[in-house]
Peer 1: 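Mind looking over this structure? Questions follow.
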Amino acid sequence: MKDAGMRIRVEPELREEFVELCRKNDVPAAQVLRAFMRDFIKTNSSKTKQLGSFNAKKALR
């Protein structure tokens with residue numbers, strides 16, 4: 001399996017607080033983000049399928 005990169009922009013303060021909390025919890029930031037993404041997909045995939053892609057943004061708010 002090949003890895004794919006993702007680049008996002010966040011406020012410096014948000015990044016620093018996130019990275020610091022990851023360090024304190026001895027967990028890599030990337031691992032936390034991957035877990036969030038998997039959970040987000042699991043939680044929201046049925047909503048998106050039911051509403052169709054046109055209304056998906058409204059369903060996820």
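Values below: all heavy atoms of this structure, side chains included; hydrogens, waters and symmetry mates excluded.
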Peer 1: Is there a path of hydrophobic side-chain contacts, each under 4.5 Å between heavy atoms, that joins Val32 and Met37?
Peer 2: no

Peer 1: How long is the gap from CD on Glu20 to CG on Asn25, to the nearest 0.5 Å?
Peer 2: 10.0 Å

Peer 1: Does Met6 share a hydrophobic cluster with Leu14, counting links as ILVMFWY side-chain heavy atoms below 4.5 Å and allowing steps through other members?
Peer 2: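 Shared cluster, yes.
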
Peer 1: Atom CG of Asp3 and atom CZ of Arg34: how far apart are they, to the nearest 0.5 Å?
Peer 2: 7.5 Å

Peer 1: I'd like to check Val10 versus Phe18 (side-chain heavy atoms, cut-off strictly below 4.5 Å). Are they in contact?
Peer 2: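 No. Closest side-chain heavy atoms not under 4.5 Å.
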
Peer 1: Looking only at non-hydrogen atoms, find the nearest pair between Cys22 and Ala29 and report the distance.
Peer 2: SG-CA, 3.7 Å

